[in-house]
Each structure stands twice: as structure tokens, then as C-alpha cells.
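What follows is a single structure, written as C-alpha cells, with notes after it.
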Number of protein chains: 2
Amino acid sequence: MLNESAVLEALPQAASEAEKRVRDRGATEKAILRAAKALLSEEGFQNFGINAVARRAGCDKQLIYRYYGGLNGLVEAIGSDLGTWVRDRIPEDTGGMFLLTYGDLMERLALLFLEALRDDPLMRRIVAWEVSENTEQVRRLAESRSKALSQWLERMKGSLAPPKGVDAAAVNAILIAAIQHLVLSASAGGQCAGLALKTAKDWEKAATALKRIVRGVYG
Amino acid sequence: MLNESAVLEALPQAASEAEKRVRDRGATEKAILRAAKALLSEEGFQNFGINAVARRAGCDKQLIYRYYGGLNGLVEAIGSDLGTWVRDRIPEDTGGMFLLTYGDLMERLALLFLEALRDDPLMRRIVAWEVSENTEQVRRLAESRSKALSQWLERMKGSLAPPKGVDAAAVNAILIAAIQHLVLSASAGGQCAGLALKTAKDWEKAATALKRIVRGVYG
DNA sequence: TTCGCTACTCACCGCATAGTGACAGGCTGG
DNA sequence: CCAGCCTGTCACTATGCGGTGAGTAGCGAA
């Protein structure tokens, strides 16, 4: 008995979230959500499971079942936060530029999106998840993200209209696809299709090429 | 005892590869490799493991350790085949077209690559794997693929040169990224960034937009 | 036939996972 | 005070995984 308690006391805080949380359901729920996000950001969806989240949150997995109804509910909760992502991560102003044409706008948006994605590991993991699995979980996640993104695009567009004769929806989807894959690929292996993407200089090159592409279609 | 044998006989072939393989190491090796590829194509890398491959191949997992030195070796064997992928899946001729400019060429190559990727589930899974994990396994796989792809590009390029002042390497990397993500996204959820990618008509739209983008940069 | 090599199978280990049921401790209202 | 609810913990099952050591079955040569 003495041994047991001694061992327990000697153990380091079991998990980063542990702290001495008192009986506070709200706080615990938040801790779980934060742990889930952090875990997903850092480890990816491979090792994302009830046990891992519980460990990270420093609580029993039973609580995840109770409060979120299992992993699905937890993922859904993560998805709910996605709507605010764009608002939080992407500046709404024009950076002091005058965006006179649709081309101006899309160039700026493309670069903003690129930056935001590069800076947000959680978002990257979710995008990677989206193209790797096709479960209900992921589908819902993808939808949240897609909706938030398109709302942002719509909001920023204002009254600017794309050039006639260009299928802007399709072109923009391709641009977004390019950006997402570029960032994912860089994040995973430091390069994409032979193009190094590590240093700031590498990224400048990529950004320049991206601008050129946008200008090519939209003028 | 009687029960046992009866049950065994009543069971369907445990795995699709089973057949009545006689003691033939070469054949078994091939069966394992085929099983691995099929499994990866159909299930993705999530459930790709020693046990699953062995089940699918209808043999004991021990043989995978013996013949390939474990999963790593097996994946490497899959990677070795990747060099021939481009040769096998992408037509080398110009489809009766005259490719006079770099723009002509890249438009054609982009569409060829898009088609080839859409038609090859294994390749899609590997690309998805590449952006989702960063293990030695995947890195080697990615390198094989990248090398094969760049060799193909080089070979097809011939003497055509990109327009001055354009960083073709960067632009092409972005184009490839776009194509890959487009196909992956479609394969996973039937759409990409809000653009539906299910019917042939959907894909025509995407192809048209892609052509427009290529023409925009390369003329 | 018997020996020996090789292809192959089986049974097991340790360790993870998801999920569940029972229980303990604190707070609150009666 | 005590009863009951709520928060949190623990122990346990069932299942899967990767990995290994030992044993079996067929085939060819002496």
C-alpha cells in the first residue's frame, strides 16, 4: 500500500493537460476538445483514438463517451469550430492594397490561403484526412471546412466579377486544390513534385509561380 | 473432429488469392505482391498491414517476413514497380496532335496525367499516403514516384522550352499538385472545394479549367 | 527407402485498441 | 443529517495488431 502511493506520487503528471482539475464538467469538456485538436495537429489522424485523446487530456476515456458520445461526437465538435477558422486565421482586410480586379483579388486570396494553411497544422491534418478516408466522420468534417471556405470566398469577393468566359468556380477549385496539395506535400516531405519547399526562398518561388498562374487565368 | 473438417470445407475460400497453390516460392511471392497492391488499392493505407496482406494472399504472414523482410520490404517492392507505371499507363505518343509549343505540350501532359491518375486506384492511394504520413516507407515510395514522373516529363519535353521568365519547374509542380489533389479529393468525396467531380461532365469542366490555366501561364 | 532441404503453417507472446459496467468521492437539496 | 445526483476512476472484456520460434509437409537426391 505504501509502495503504491509512493509510486503514484513519484509519477510525473500523466499528461500535459492534467493539472489539478477539480470536478468541473465544462472545463473537462474543453480540456478534452483541446487535447483532441492538439493530438490531431501533432500526430495526425493515424493514431487518433479514444485512448490517445484521453491520455492527452489526462482524464478517463469514459468521459469522452459521456460528454461527446464517443470519437464521432468529438470529431463533430472539432468540425463545429471550423467555421470560425477562416475568421480567426485569415485577415479580412486587403493589407492596404486596392483590389480593383478579380485577378487582384484572387491573387491576394490565394496567397492568404496558402499562408493560413501553412500556419495551421490542425487544418493541414484535416485536409490530409479528407483525401485519405471516406467515412461519415471525415465527410462531415470536410463539409464544415468546405462551407467555411466558400463563405469566406464569397464574402471577400464583394462585387467583383470574374472575366467573362471563365468558369471561375472550376478554376478556383483547381487553385485551392493546388494550394492544399502544395502545403500538404511540403508538410509531409518538404517538397512537391520535385520542387523543394522548405526554406522561405523555396516558398517565395512557389508563391511567385502561383501568382503567375492566377494572373494567367484572370489577368 | 468431424465438425471441424465440415466447417472448414463449408468456409468459402479464405482469401481471393488462395487457389491451390503448390509449393512454388516464386508464385507465392507474386501472389503476396499482388495481394498487397490490391489491398492498398481497395482499402487504402489505413488497414494495410502484415496480417491483412497475408489474409488476402491466402498465406501465412511468416512468408512475408521471409520473402520480403516484412512490410517495409514489401512496400519497397511495390515502389520498384512504380518506375514502370508511367510507361504502362500513359501513352507516349501525341495522340496525333502536333505539339508545337511548350503550352501545347503541357496542356496535353496535364490531361494525360489527370486521366492516368483517375484510372489508377493504387497510384491514388500512394499519393494520399505521401501527404498523410512521413515515414521512411512512404518517403521511399514518394521518391520512386517522383523520379518516374520527372523522367516522364523530361522525356516528353523533347527540345521544347518554356517561355522566358517563367519558372517552369515551380509552375509545373503546382499544376501537378492541383491535378493530384483534384483527383484525390474527387476519389474521396466526389468533389473538391465545392466543385462536384462525379460525372463525365463534371470532369470536362475541370479539364477545361485546367487547360485554361495551363494556357494562361504558358500561352 | 531415407535423408535433408525448402516451402509452408501454427501457436503463441506482448501490446495496443474500443468499449462497458461497476464503483468511489464530492456537492446539493430535502 | 442523509439521499441522490454528478463527476471522475478503475477493472475488465473482446479483438486486433506485429512479431517470433517451433514444428509440419512435400520434393528431390543419394
Side-chain angles (χ1 to χ4, degrees), chain A residues 1 3-5 7-9 11 13-15 17-36 39-40 43-76 133 135-137, chain B residues 1 4-5 7-8 11 13-15 17-33 35-36 39-40 43-76 133 135-138:
Chain A
M1 299 310 166
N3 274 342
E4 277 186 18
S5 55
V7 164
L8 282 178
E9 300 227 31
L11 276 174
Q13 275 297 13
E17 284 278 359
E19 322 261 320
K20 47 176 169 193
R21 267 184 295 94
V22 276
R23 300 164 62 83
D24 180 346
R25 171 162 179 164
T28 304
E29 282 181 2
K30 279 180 198 161
I32 291 173
L33 192 58
R34 272 194 303 145
L39 203 66
L40 195 50
E43 310 284 336
F45 55 94
Q46 305 294 332
N47 303 327
F48 186 74
I50 287 277
N51 290 307
V53 172
R55 259 197 306 275
R56 175 75 178 240
C59 72
D60 197 275
K61 58 181 167 183
Q62 177 71 24
L63 299 183
I64 299 176
Y65 287 109
R66 273 223 254 284
Y67 299 155
Y68 292 96
L71 250 198
N72 281 9
L74 187 51
V75 169
E76 205 143 341
E133 248 183 326
T135 61
E136 192 55 36
Q137 255 186 9
Chain B
M1 300 310 166
E4 277 186 18
S5 55
V7 165
L8 282 178
L11 278 174
Q13 275 297 14
E17 283 279 357
E19 320 268 316
K20 46 176 170 188
R21 266 186 297 94
V22 277
R23 299 166 64 82
D24 180 346
R25 172 163 177 164
T28 304
E29 282 181 4
K30 278 181 198 161
I32 291 173
L33 192 58
L39 203 66
L40 195 51
E43 309 285 335
F45 56 94
Q46 307 294 332
N47 303 326
F48 186 74
I50 286 278
N51 289 306
V53 173
R55 261 197 304 274
R56 175 77 177 237
C59 71
D60 197 273
K61 58 180 167 182
Q62 178 70 23
L63 299 183
I64 299 176
Y65 287 109
R66 275 223 246 288
Y67 300 157
Y68 292 95
L71 249 198
N72 281 8
L74 187 51
V75 169
E76 206 143 339
E133 247 183 327
T135 61
E136 191 55 35
Q137 257 187 9
V138 171

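By convention in this document, chain letters (A, B, ...) are assigned in the order of the sequence lines, proteins followed by strands, and residues within each chain are numbered from 1.
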Length of the line joining [X]:[atom1] and [N]:[atom2], which is rounded to integer Å:
X	N	atom1	atom2	answer
L63(B)	dG19(D)	CG	P	15 Å
D24(B)	dC27(D)	CG	C1'	13 Å
E29(B)	dT6(C)	CD	C1'	13 Å
I32(B)	dA7(C)	CD1	P	12 Å
Q137(B)	dG18(D)	CD	P	11 Å
N47(B)	dT15(D)	CG	P	18 Å
Q46(B)	dC17(D)	CD	C1'	15 Å

Restricting to pairs with a member in residues 58-72 of chain B, which pass side chain to side chain donor-acceptor pair (under 3.5 Å), not counting sequence neighbours?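 Non-adjacent pairs meeting side chain to side chain donor-acceptor pair (under 3.5 Å): N51(B)-K61(B), N72(B)-Q137(B).
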Given V75(A) and F48(A), is the side chain to side chain contact (heavy atoms under 4.5 Å, CB included) satisfied, shown in steps? CA-CA 10 Å; V75(A) 169; F48(A) 186 74; 4.0 Å; yes
I64(B) vs L71(B), side chain to side chain contact (heavy atoms under 4.5 Å, CB included): CA-CA, chis, key distance, verdict: CA-CA 7 Å; I64(B) 299 176; L71(B) 249 198; 5.5 Å; no
Sequence-aligned protein contact record of nucleotides 17-30 of chain C, with B where the base is within under 4.0 Å of a protein heavy atom and S where only the sugar-phosphate is: SBBBB---BB----
Taking side-chain hydrogen bond (donor to acceptor under 3.5 Å, both in side chains) as the test, write out the residues that go with Q46(A), two or more places apart.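 In terms of side-chain hydrogen bond (donor to acceptor under 3.5 Å, both in side chains), with neighbours along the sequence ignored, Q46(A) is linked to no residue.
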Show the nearest heavy-atom pair for residues I32(A) and A57(A), with the distance to one decimal.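 Heavy-atom minimum between the residues: CA-CB, 4.0 Å.
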Can you see which heavy atom on L39(B) is nearest to which on V53(B), and at what distance?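 Shortest heavy-atom separation between L39(B) and V53(B) comes out as CD2-N, 3.7 Å.
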For dT7(D) and T28(A) - does any side-chain N or O of the residue sit under 4.0 Å from the phosphate oxygens OP1/OP2?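 For T28(A), the contact criterion (side-chain N or O under 4.0 Å from OP1 or OP2 of dT7(D)) is not met.
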Counterpart residues, salt bridge (Lys or Arg N to Asp or Glu O under 4.0 Å), relative to E76(B) (two or more places apart):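 Result, salt bridge (Lys or Arg N to Asp or Glu O under 4.0 Å) vs E76(B): R140(B).
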For E29(A), enumerate each residue passing the salt bridge (Lys or Arg N to Asp or Glu O under 4.0 Å) test, keeping only those at least two apart in sequence or located in another chain.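 If we apply the salt bridge (Lys or Arg N to Asp or Glu O under 4.0 Å) test to E29(A), skipping adjacent residues, the hits are R25(A).
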Axis-to-axis angle between the two ends of the helix from dT1(C)-dA30(D) to dG30(C)-dC1(D) (five base pairs per end, rounded to 10 degrees):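 Inter-axis angle at the termini of the helix from dT1(C)-dA30(D) to dG30(C)-dC1(D): 30°.
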Rounded distance (nearest 0.5 Å) linking atom CZ of R56(A) with atom CG of L40(A):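 These two atoms lie 11.0 Å from each other.
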